[in-house]
Structure formats: structure tokens, C-alpha cells
Amino acid sequence: MAEAGTGFLEQLKSCIVWSWTYLWTVWFFIVLFLVYVLRVPLKINDNLSTVSMFLNTLTPKFYVALTGTSSLISGLILIFEWWYFRKYGTSFIEQVSVSHLRPLLGGVDNNSSNSSNSSSGDSDSNRQSVSECKVWRNPLNLFRGAEYNRYTWVTGREPLTYYDMNLSAQDHQTFFTCDSDHLRPADAIMQKAWRERNPQARISAAHEALEINEIRSRVEVPLIASSTIWEIKLLPKCATAYILLAEEEATTIAEAEKLFKQALKAGDGCYRRSQQLQHHGSQYEAQHRRDTNVLVYIKRRLAMCARRLGRTREAVKMMRDLMKEFPLLSMFNIHENLLEALLELQAYADVQAVLAKYDDISLPKSATICYTAALLKARAVSDKFSPEAASRRGLSTAEMNAVEAIHRAVEFNPHVPKYLLEMKSLILPPEHILKRGDSEAIAYAFFHLAHWKRVEGALNLLHCTWEGTFRMIPYPLEKGHLFYPYPICTETADRELLPSFHEVSVYPKKELPFFILFTAGLCSFTAMLALLTHQFPELMGVFAKAFLSTLFAPLNFVMEKVESILPSSLWHQLTRI
């Protein structure tokens, strides 16, 4: 019985919603017709005449009080709306209308659809407890001596901020040092060198570490009971000293590559020795971990040197070998270097194979992964894509997949399209990036813009479709579609990472809701009316009466025309009813 009653109420509600959706104009005219017909019983004409007489007898003080009160009330509403918007990011009136009135008028709540889409798209929402503004090492960061410093020499501008370089110093101390460094003089010097702020002091410390390793140590080996001989033995080279010199002292990529090759020779020897002793205690374990990080870093930078010098196939081979040798070191994001090199070779099948492995639900996303996936899908349709033809015949399945991939990429990082479409100028990428931030967009576009230009029509497809993403996400500050909501702390972190001469891209911009703008305009208008009425009471009274007469003039004109067209007998019978 209860179920039957509930079903009847649901049907009644649906009928009301349907009638309100499609027949509201009919309802409006019916209400107007009934009001006109019942104007005599309801004494509408008498009431109107009474109201007009009342308005004619009002004094200017009434208008001053009325406009002043209206201004005060609208001002209080404006203050409350502004406070609510600053605290919750939305308008109170708009939220109430969407939450309570929209379902009654047949609207659909987006919460359910957004929750289902986010659960089916990516499981990144499970990682909301992790810091949203975690800073990552840029996988494609440039060389300080060979690239960043050359930019400073030419332009006089510093491309790296102190905050960015300080993060790099912390990374170097984490990856290139361990607790047992004090036992080796060269490593002890390098431990202090990574903490130096002055570049020349770091370079001098690296040279000092290499000079210490040139000193020969003597080991006594007794051959005969009455005598001994001295065996000469060289200490191993300091790999981290070569790394610092390759990064900061070398002025060309070729010089950096030579130093990295020397570092590889020294680092490989240290890695093999520590590998044999890694299970002999926690100290040896930490040393082996440090030597592993040093070796991986050297090989990765050697591959990047080969990529910079045009030996792309060699770089791809080195990256693949490195990923096979150290498959667990995903924190270095070597696959992003591999994707960029494969795109340079136009090996799109290999790019798709890498994406199939790393574009997984359980793995963190990046602009490189999302936009590379969008580029591959756009490549299949971009050469024949036409906005006019698509609007006439609709999107095909392949075009729809490409558009959805672009929307997915733009939702992850909305700053990238303006750089790819050259609507905003590029700068040198920082050494650290903020995922989904402007710094990541710069780092991606700096290396991948050429790959988008190489695919015919890809940028045209991006230009025609990327802004549609924002229509799919009505409230970016609060909701997400395929990813978790966009973090609002990216602007602060990007301003720390990017140089001061760069205009930081901010998304989403907190545009004021309509009701706040409307209330502000209403408050200003009524305040101005109150001031004018107080200063010129007689003149404003004349204007008010003229405005009211003008406002009701169309209604009076329509009523006179209706009375002249319809017969008087019909009106007589209707008025009797």
C-alpha cells in the first residue's frame, strides 16, 4: 500500500514537472486571462486607482526612506554573499537554487554522474589524502652550465628561482649522500658541496674532491721476513664530483657528456663494490642505495646528452636498458624521457606500447602521459578533421575518442593548450614541476610542441575542442569529471617555482557568481537613487511617477485593445461568472 502511494506521488510529481517544463507559457497566459476576467469581482481597477492616488500623495521623504532601506538591505545581502563565497567558493543563493529548486524543475544533479565518472575513469580520488601540491623533479630538466647559465649570459635573467634550486640541493643530498660519507674524504667534501649556495664554491669543492682521490695510498705487503715492499694503489674516483662539474661547470652538452662518461666509469665501480657488501649491515645497505641512485642518474643524463646531440636512437636504447636494469626506480620517471625520444623518431607504435604500460589507473598521471595519449588519438583523425563538416554530420567514433582524450588531458592540466597553441610565450622549464600546474605545462610544451606541430591538423583539433572541457565541469573548484578536483594551491607553488618575469597561468580563476554581481549592482543602484532622492526630492518624485506610468502603459494598451476586439456581451457574461 505504501509502495502504491509512493508510486502515485512520483507520477504526480513527474506530471507536474512535465507540465511546468513544457506548458509554463500556457499557464502564464491562463493566469493573465483569469486576472483580467476577474478584475471586477476582485476590484482590480479600484485597487489600481487607489494605489495611483496613494502614490500621488506620497512625499519625497518616503522615496528617500524607501531607497535608503533598499540600499541597506541589498548591501547586507552583498556582504553575506561575499563572505559565503570567500569561505565556500560559491554563491549561497545559487547553491540553494541549484540544490532545492532545480530538482523540482526537472534538473539533474551532477553529483551522481561526477562520482560515477570519477570512479570509472581514474582512481586518483583515493589519493586525495596525499599532499595535493607535492613538487616533483622535472624528468626533462636542462643542464645548468650548458643551458640555464647560457640563457643568463644572453638575456641577463635568472631562469631558476632560489626555491627551485634549493629543492634541487635537497634532492642531491638525498640521492647522492649517505651516513658513511665521513669515512671517505672526497665524499665528505661533496656532502658539504651539495649544501653550498654559491655555484663557484660548489665547483671548487668538486675539484678538491677529485684532487684528493689522486693521492696515492700505500699498503704494506711483507714478502720476506727481513724486508717489505710498497704496493701503489689508487683510490677510486669520486663520481658525484664529476656529476656536479658536468651539471654546472660544463658550458656545452658535449663537455657535459665527457664528464658524465668519467662519472659513469667511477660510479659503476662503486656500485659493483657496494653490491657485494649490501647485505653486511645497514651502513652498507645505505651506501649501496646511494651508489644505485648515482649510477641511475648518470646513465639517465648520458641518455639525455645523446638526445640533445641528435643521437636519438642511441638515447632510446640507453633509456630502455636503464629501465630494464632498474625497473623499480619509477620515481625518476624515465618513461617520460623515453616517450619524448620516441615521438622524435615518430615511432608511434612504440609510444602507444609505453603508454599502455604507464597510463594505468593505479599509477599517478602526468601531462606527458595524458597529452601524449591525446596526440596519438588526434593523429588518427586530425588530418581530415573540419569543424564545419563535424557540425553538419556529427563526430565519428574516432573523432569522439580523440575529443574525449583531449578533454581528459585538459582537465588534468588546463594550462598546456595555451602554450601548445602559442597563445602564451614559453620560457625555460624549471628543475621542479608541480603536477597539474603551470610549471608542468611549461616543461611539457617546451619539449613536445614540435611533436604536435609535426602531426598535421593536431593543433587545429586541439584549438577547436579544448575549451569544451570547461563546459563539462561546471564547478572546477569543487568537482571533477575524470580526475579528483583541481587543487587550489597550485598558484602559490608555481609562483615559487617560476621566475618573476613570467606571468603565471592561474586556473581556475575565481569568477564572481552572478548573484554577487547582481547584488553589488543593485546595492550601488539603490544607493545612488537614495542619494539623488535626498538631494533632489521633487525631481526624483516626478521621475518615479513617470517611470511607473511608463511601466504600466503597455499593459493598459493591451487591455484597451482586448476590450475593443471582444464583444461587450461576452465580457458581461464572463464578469457575471
Notebook entry, point to check: Given the rule in the side chain to side chain contact (heavy atoms under 4.5 Å, CB included) test, do Lys435 and Ser366 qualify, once you have shown the distances and angles that lead to the verdict?
Noted result: CA-CA 6 Å; Lys435 286 194 174 183; Ser366 66; 4.2 Å; yes
Next item on the list: Go through the steps to decide whether Glu404 and Arg408 satisfy the test salt bridge (charged side-chain N to carboxylate O under 4.0 Å, His left out), and finish with yes or no.
Entry: CA-CA 6 Å; Glu404 289 178 354; Arg408 173 178 181 260; over 6 Å; no
Checklist line | Steps toward side chain to side chain contact (heavy atoms under 4.5 Å, CB included) verdict (Tyr163, Val135) | finding: CA-CA 11 Å; Tyr163 176 71; Val135 177; 4.1 Å; yes
Check: Going through the distances and angles, do Arg313 and Val316 end up as a side chain to side chain contact (heavy atoms under 4.5 Å, CB included)?
Finding: CA-CA 5 Å; Arg313 295 188 182 279; Val316 169; 5.6 Å; no
Checklist line | Step-by-step side chain to side chain contact (heavy atoms under 4.5 Å, CB included) determination, Glu147 to Ile253 | finding: CA-CA 8 Å; Glu147 292 171 312; Ile253 301 297; 4.1 Å; yes
Item checked: CA sep, side-chain torsions, deciding dist, call: Glu336, Thr368, side-chain hydrogen bond (donor to acceptor under 3.5 Å, both in side chains) -> CA-CA 7 Å; Glu336 297 195 11; Thr368 301; 3.3 Å; yes
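The aromatic rings of Phe260 and Tyr297 are tilted relative to each other, their planes meeting at an angle between 30° and 60°.
Annotation: side chain of Glu422 is in contact with side chain of Lys453 (closest heavy-atom distance under 4.5 Å). A 4.5 Å side-chain heavy-atom check between Tyr419 and Ile427 finds every atom pair outside the cut-off. Between Pro139 and Ile334 there is no side-chain heavy-atom pair separated by less than 4.5 Å. Within the 4.5 Å cutoff, the side chain of Leu355 has heavy atoms near those of the Leu339 side chain. Contact of the Leu428 side chain with the Phe446 side chain is registered, since non-hydrogen atoms from C-beta on lie closer than 4.5 Å. Under the 4.5 Å side-chain criterion, counting only non-hydrogen atoms from C-beta, Arg454 is not in contact with Arg379. Under the 4.5 Å side-chain criterion, counting only non-hydrogen atoms from C-beta, Val294 is in contact with Ile298. In this structure the side chain of Leu421 reaches within 4.5 angstrom of the side chain of Trp466, judged on heavy atoms.
Judged by distance alone, the side chain of Ser382 and the main-chain N or O of Glu456 form a donor-acceptor pair under 3.5 Å. Side chain of Arg436 to backbone of Glu411: a donor-acceptor contact under 3.5 angstrom is found. For the pair Lys299 (side chain) and Asp321 (backbone), a donor-acceptor distance under 3.5 Å is absent. Using modelled atom types, no side-chain atom of Thr312 and backbone atom of Arg307 make a donor-acceptor pair closer than 3.5 Å. Proximity of a side-chain donor or acceptor of Asp438 to a complementary backbone N or O of Ser505 within less than 3.5 Å is detected. Using modelled atom types, no side-chain atom of Asp268 and backbone atom of Leu264 make a donor-acceptor pair closer than 3.5 Å.
The two residues Thr465 and His407 have their closest heavy-atom pair at O-NE2, 3.0 Å. Summarising the geometry of Asn141 relative to Asn138, their closest heavy-atom pair is OD1-O, 3.1 Å, with the distance given to 0.1 Å. Closest heavy-atom contact between Phe447 and Ala443: CD1-O, 3.4 Å. The shortest heavy-atom contact between Ala241 and Ala206 is CB-O, 3.6 Å. In plain terms, the two heavy atoms of His502 and Leu498 that are nearest each other are CD2-CD1, 3.6 Å. Between Phe176 and Asn293, the shortest heavy-atom contact is CE2-O, 4.4 Å.
Within a 6.0 Å sphere centred on CD of Glu503, heavy atoms belonging to other residues, nucleotides or ligands number 12 at most. For Lys424, the NZ atom counts as densely surrounded, since its 6.0 Å shell holds more than 12 non-hydrogen atoms of other residues, nucleotides or ligands. By the neighbour-count criterion of 12 heavy atoms within 6.0 Å, atom CD of Gln173 is densely surrounded, having more than that number from other residues, nucleotides or ligands. The 12-atom threshold is exceeded at CZ of Arg311, counting heavy atoms of other residues, nucleotides or ligands nearer than 6.0 Å.
Summarising the geometry, atom CD1 belonging to Ile442 is positioned 7.5 Å from atom CG belonging to Asp494; distances are rounded to the nearest 0.5 Å. Note that the CH2 atom of Trp194 and the CD1 atom of Ile243 stand 6.0 Å from one another [nearest 0.5 Å]. Interatomic distance, CD1 of Ile406 versus CG of Leu461, reported as 4.0 Å (0.5 Å rounding). With rounding to the nearest 0.5 Å, the separation of CH2 in Trp452 from CG in Asn460 is 11.5 Å. Of the inter-residue distances, the one linking Thr177 atom OG1 with Arg290 atom CZ reads 7.5 Å to the nearest 0.5 angstrom. Here the straight-line distance linking atom CG of Leu245 with atom CD of Glu255 works out to 11.5 Å at 0.5 Å rounding.
A donor-acceptor pair shorter than 3.5 Å can be found between the side chains of Ser168 and Glu431. Residues Arg300 and Asn337 have side chains that bring a donor and an acceptor to within less than 3.5 angstrom of each other. Using modelled atom types and a 3.5 Å distance limit, the side chains of Glu440 and His415 yield no donor-acceptor pair.
Ring centers of Tyr444 and Tyr371: under 6.0 Å apart, within the cut-off.
With respect to Arg202, the side chain to side chain donor-acceptor pair (under 3.5 Å) criterion is satisfied by exactly one of Glu248, Glu196, His172, Glu247: Glu248.
Because its NZ or CZ atom is not both nearer than 6.0 Å to the ring centre of Tyr162 and within 45° of the ring axis, Arg197 does not count as a cation-pi partner of that residue.
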